[in-house]
Structures are given as structure tokens and as C-alpha cells.
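Sequence lines set the chain letters: A, B, ... in the order given, protein chains first and strands last, and positions in each chain run from 1.
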2 protein chains.
Amino acid sequence: MTKTPAARRGRPRTFDRDKALQSAMNVFWQHGFDGTSMSQLVAAMQINSPSIYAAFGSKEDLFREAVEQYVASDGSSTMQALTADDDVRNALRSMLANAIQTFTRHDEPRGCLIVLGARHLGPISDPVRTFLRDQRERIRVLLAERLLKAKQKGELAPEADEKALAACVMTFLNGISIETVDGTSQPTLLAAAELFVDRLLPR
Amino acid sequence: MTKTPAARRGRPRTFDRDKALQSAMNVFWQHGFDGTSMSQLVAAMQINSPSIYAAFGSKEDLFREAVEQYVASDGSSTMQALTADDDVRNALRSMLANAIQTFTRHDEPRGCLIVLGARHLGPISDPVRTFLRDQRERIRVLLAERLLKAKQKGELAPEADEKALAACVMTFLNGISIETVDGTSQPTLLAAAELFVDRLLPR
DNA sequence: CCCAATATGTGCTGCGTGATACATATAGGT
DNA sequence: ACCTATATGTATCACGCAGCACATATTGGG
């Protein structure tokens with residue numbers, strides 16, 4: 001017993017609900033929930049705000065639907081990579097590669113909607129954003145210098161790539177910030193960090 | 001020739017500029033730049049907004065000073081750990097441990113101001129935030145399941161801790177999002193990911 | 001043909017934002 | 001004492017925000 005067409009009464013929609021949701025998802029993906037204003041959504045979806053509210057409920061409801069759509073499309077392909085290959089290493093590699101490509105697919109990279117969606121993000125020219133990025137770059141340089149020194153002292157294999165290692169540590173360090181705010185317990189993070197260092201710099 | 005006391009004219013300040021800056025830093029640390037309102041700053045610093053503008057210039061100038069203070073205090077102790085120990089592994093371990101403790105030191109964990117400062121973050125009860133955290137938790141579970149399967153198939157050492165490994169991958173994955181919006185190039189990230197997987201899951 | 005039901009567009013509301021104008025208060029210089 | 005310079009507190013500005021009231025338009029059912 002499939003659902004009947006239901007023969008809806010009243011004036012029909014003049015826009016495609018799925019396409020409108022897709023447009024909304026892209027705006028949310030780029031700017032986060034708080035960083036996205038109704039006027040931006042109105043412009044991107046090409047619908048006036050009362051129609052948005054009528055069709056989706058509220059800004060928050062719209063966001064939730066957008067996230068579900070994201071998970072079902074971009075997100076699921078990344079997760080499929082995890083189970084597609086029989087070999088764990090290949091599976092992990094292709095999953096991470098898939099994620100990186102998804103996050104950088106657009107003109108202005110957006111990262112992961114699930115990870116950054118609750119966060120505002122101003123324009124790429126935002127002086128605050130640029131300022132902070134410079135601060136982070138300094139840390140990356142310090143890490144590479146420290147690793148280079150270790151390599152010269154013979155603590156690391158001569159063929160070790162200190163810049164790639166620094167990039168690894170930097171990524172891990174950035175991830176820690178997300179996790180702490182997420183509420184991941186301190187012991188869990190400390191254990192993960194121990195494991196990370198032990199594996200990254202084998203004796 | 002040290003700088004003369006300068007014998008400032010006019011009505012003197014009734015508040016301690018450094019303490020006010022410290023208070024501002026804490027608010028920015030907790031809520032990010034956009035997420036912090038002037039009224040929050042007024043409440044935390046115990047100064048009316050005209051005095052804040054007179055003493056610090058603008059909200060953005062105040063934020064920059066707050067970040068510099070952060071780098072000079074909390075940030076520098078983390079970075080000192082990197083050079084304190086002669087052994088690279090110990091140095092990296094203690095740096096990461098120091099960072100984790102700094103990020104989780106307060107009632108509500110704040111992560112790193114440098115990493116998250118350009119991003120808004122609502123209250124911990126924010127339904128949007130909770131919703132997204134749940135989505136991320138699902139990914140962590142999927143990762144652990146995949147790794148457990150691999151362990152059972154003998155692809156991983158029997159003593160491997162799939163949950164700790166999943167936590168590691170999760171942290172790395174979260175970090176990738178930060179890096180992509182930072183503008184780190186795709187090849188750099190892909191290389192770091194390759195290196196990460198190779199080291200994390202040794203044959 | 002008229003009614004009920006749904007969609008659309010105009011224009012608004014109350015609120016919080018970052019920032020400031022203005023009058024007043026308090027200091028040093030001469 | 002008077003002038004200049006700085007700090008403070010009140011009260012306010014114009015603006016953008018999420019959301020909605022209301023009238024109008026367009027459909028199917030009877």
C-alpha cells in the first residue's frame with residue numbers, strides 16, 4: 001500500500017523544495033548556523049522568508065534538514081569509503097582523502113558542516129580570521145623547527161619529512177580544540193595524544 | 001635611559017587595564033570574537049562601553065590585545081614544553097598534554113583561542129550544538145567498529161585499542177576541517193593524512 | 001460557483017548589536 | 001585660580017536580526 005498522491009488542495013508551491021534545501025545547505029556549510037542570516041537564505045533560496053518559514057518551520061529546523069541532507073549525500077560517500085575496501089589501511093586512507101576533497105571542493109573551502117556548523121565564520125578577508133591564521137602559522141613553523149633539530153641530532157630517521165610530520169601534529173592539535181569543546185574527556189584525549197606521538201615518531 | 005613616568009595629565013583611570021584585558025580575554029576565549037557582545041564585555045570587565053573604547057580602541061583592537069595576552073601566557077607555556085625536553089617524543093607528549101590541560105582548564109572547556117577565536121559558539125545547551133555533537137559521535141562509533149572488525153580479522157595487532165585508535169582518527173579528522181578553512185593546500189593535507197595512517201596502523 | 005486550503009509578497013515588529021555624543025568629574029601644569 | 005587633558009556615566013544612534021500579520025493569489029472539492 002504505497003502512499004496515495006494525496007491530491008493536495010490549495011495553491012501549489014512555485015519552487016522546488018529539494019533544490020531550495022540544497023541552496024540552504026550550501027549557505028549553512030559556508031557560514032555556519034549563526035553566521036547565516038535569513039536574508040542570505042532568502043537570496044540563496046530565491047524565496048521570501050514567510051515561504052521559508054511555511055515550508056521548513058524555523059531557521060533551526062531548516063538547518064537540521066540541511067545537515068541531514070549533508071549527511072546523506074557528502075557525508076555518506078565519505079563513510080562508505082570506510083567500509084568499501086577490505087584492507088583497513090586503504091579504507092582509512094581513502095576515507096580521509098575523500099573527506100579532504102569534500103571539504104575543499106568549493107571556491108572557498110568549507111571544512112565539514114558537522115564539525116563547523118555551529119560556528120560562525122566571517123569572510124575570508126576578515127582581518128580577525130587572517131590575524132589568527134598567522135598566529136597558527138607561527139606554531140606550525142615552531143613545530144617544524146623542533147622536528148628538524150631532532151632529525152639533525154639523530155633522534156629521527158634521516159629520511160623523515162619534518163614538514164609533513166609538523167603538518168600531522170598541527171592537524172592533531174587543531175582537532176583537540178574541537179574535541180575539548182565537544183566535551184571529550186581529558187583522559188580520553190591524553191590517551192589519544194600518547195598513542196599519537198608513540199606511533200608518529202617510532203623509535 | 002628608561003622611559004620617564006610621563007606624569008599623565010587628566011583624570012586617572014579607576015580600573016586596572018591589565019585586569020580588564022584579562023577579563024576580556026576570558027570572555028573571548030569562551031565565546032569567540034563574533035560570539036562576544038559588547039554588553040558581555042561591559043559586564044565582565046566592569047567598565048562602561050565608552051571607557052572600553054577609550055582604553056582599547058574598538059572591539060577588534062581589544063580582541064587582538066586579548067589574543068596577544070593569551071599567546072604570551074597560556075600559549076607560551078605550551079610552546080615552552082616543546083623545547084624544554086631534550087627528547088623529541090617527550091617534548092611533543094608534554095606539549096600536547098599541556099595543551100589539553102589548558103583547553104579543559106575551565107568549567108566549560110574552551111579549546112584554543114587561536115584556533116576557535118574567529119568562531120562563534122553558543123551555550124553548551126544550544127540545541128544546534130548538541131545535535132551536531134551527536135552526529136559526530138556516530139562517526140566515532142563507526143570508526144571504532146571498523147577498527148574492531150580489522151582487529152578480529154587479524155589486520156591489527158590483537159592488543160590494539162580500537163577505541164583509542166578511533167579517538168586518534170577522530171581528532172585528526174576534526175583537525176582537517178580547521179585546516180581546510182585555514183587555506184592549507186589539498187596536497188599538504190593529503191600527504192599528512194597518508195603519513196598519519198601509515199604511522200598509526202603499522203604493519 | 002463558491003468555499004476551504006495552501007502559497008506568496010509587502011511591510012512591519014521588538015530586540016540586540018557595535019559604536020558614539022554629550023555633560024560631568026577629576027587630575028596636572030602654570 | 002584657571003586652563004587643558006583625560007576618564008566616566010547616561011542615554012542614544014542607525015542597523016541588521018529572526019520572525020510574523022495580513023492581504024492577496026491560486027489551487028481542488030463539493
- Query: Separation of A:I47 atom CD1 from C:dT8 atom C1', in whole Å?
  - Reply: 11 Å

- Minimal heavy-atom distance between B:A160 and B:L165, with the atoms involved, is CB-CD1, 4.2 Å

- Item | B:E68: salt bridge (Lys or Arg N to Asp or Glu O under 4.0 Å) partners, not counting sequence neighbours | none

- Neighbours of DNA chain D within residues 49-61 of chain A, by heavy-atom distance under 4.0 Å: A:S49, A:P50, A:Y53, A:K59

- Task: Please round to 10 degrees the angle between the axis of the first five pairs and the axis of the last five pairs in the helix from C:dC1-D:dG30 to C:dT30-D:dA1.
- Result: 10°

- 5′-ward residue of the pair A:Q46/B:S37 relative to DNA chain C: A:Q46

- Of the non-hydrogen atoms in A:T83 and B:R146, which two are nearest, and what is the gap between them? CA-NE, 4.3 Å

- Item | B:D85: side chain to side chain donor-acceptor pair (under 3.5 Å) partners, not counting sequence neighbours | none

- Kindly indicate whether the side chain of A:D86, heavy atoms from C-beta on, has any atom under 4.5 Å from the side chain of B:K153. yes

- Of the residues in residues 12-25 of chain A, which ones touch DNA chain C at a heavy-atom distance under 4.0 Å? A:P12, A:R13, A:T14, A:F15

Please enumerate all protein N or O atoms sitting under 3.5 Å from an N or O of nucleotides 1-3 of chain D, with distances to 0.1 Å.
none

- Applying ring pair (Phe, Tyr, Trp, His ring centres under 6.0 Å), which residue pairs with at least one partner in residues 64-88 of chain A are found, sequence neighbours left out? A:W29-A:Y70

- Task: Could you grab the distance from atom CD1 of B:I100 to atom CD1 of A:I176, nearest 0.5 Å is fine?
- Result: 4.0 Å

- Report the distance from atom CG of B:L62 to atom C1' of C:dG18, rounded to the nearest whole Å. 13 Å

- Message: Any non-hydrogen side-chain atom of B:L147 less than 4.5 Å from a side-chain atom of B:K163?
- Response: no

Close N or O pairs between protein and nucleotides 23-25 of chain C (under 3.5 Å):
from	atom 1	to	atom 2	distance (Å)
C:dA25	N3	B:R11	NH1	3.3

- Task: List in chain and number order the residues that pass ring-ring contact (aromatic ring centres under 6.0 Å, His included) with B:F63, two or more places apart in sequence or in another chain; answer none if no residue qualifies.
- Result: B:F28, B:F33

- Go through the steps to decide whether B:V42 and B:I52 satisfy the test side-chain contact (heavy atoms from CB on, under 4.5 Å), and finish with yes or no. CA-CA 8 Å; B:V42 166; B:I52 298 180; 4.1 Å; yes

- Item | Test: B:E60 and B:R64 ion pair at under 4.0 Å | yes

- Task: Applying ring-ring contact (aromatic ring centres under 6.0 Å, His included), run through A:F172 and B:F172 and close with a yes or a no.
- Result: CA-CA 5 Å; A:F172 193 81; B:F172 194 81; 7.7 Å; no

- For the pair B:E108 and B:R129, find out whether any cationic side-chain nitrogen is under 4.0 Å from an anionic carboxylate oxygen. yes

- Residues B:R89, B:D87: salt bridge by 4.0 Å N-O rule: yes

- Query: Phosphate oxygens OP1/OP2 of C:dT8: is one of them under 4.0 Å from a side-chain N or O of A:N48?
  - Reply: no

- Task: Tell me which residues in residues 38-45 of chain A put a heavy atom below 4.0 Å from DNA chain D, sorted by number, or none.
- Result: A:M38, A:S39

- Which pairs, with at least one residue in residues 174-186 of chain B and sequence neighbours excluded, count as a salt bridge (charged side-chain N to carboxylate O under 4.0 Å, His left out)? A:R136-B:D182, A:R140-B:E179

- Message: If you count every heavy atom of other residues, nucleotides or ligands that lies below 6.0 Å from A:D107 atom CG, does the total exceed 12?
- Response: no

- Report, as yes or no, whether the 6.0 Å neighbourhood of atom CZ on B:R17 holds more than 12 heavy atoms from other residues, nucleotides or ligands. yes

- Query: Taking only residues two or more places apart in sequence or in another chain, which ones pass side chain to side chain donor-acceptor pair (under 3.5 Å) with A:R199?
  - Reply: none

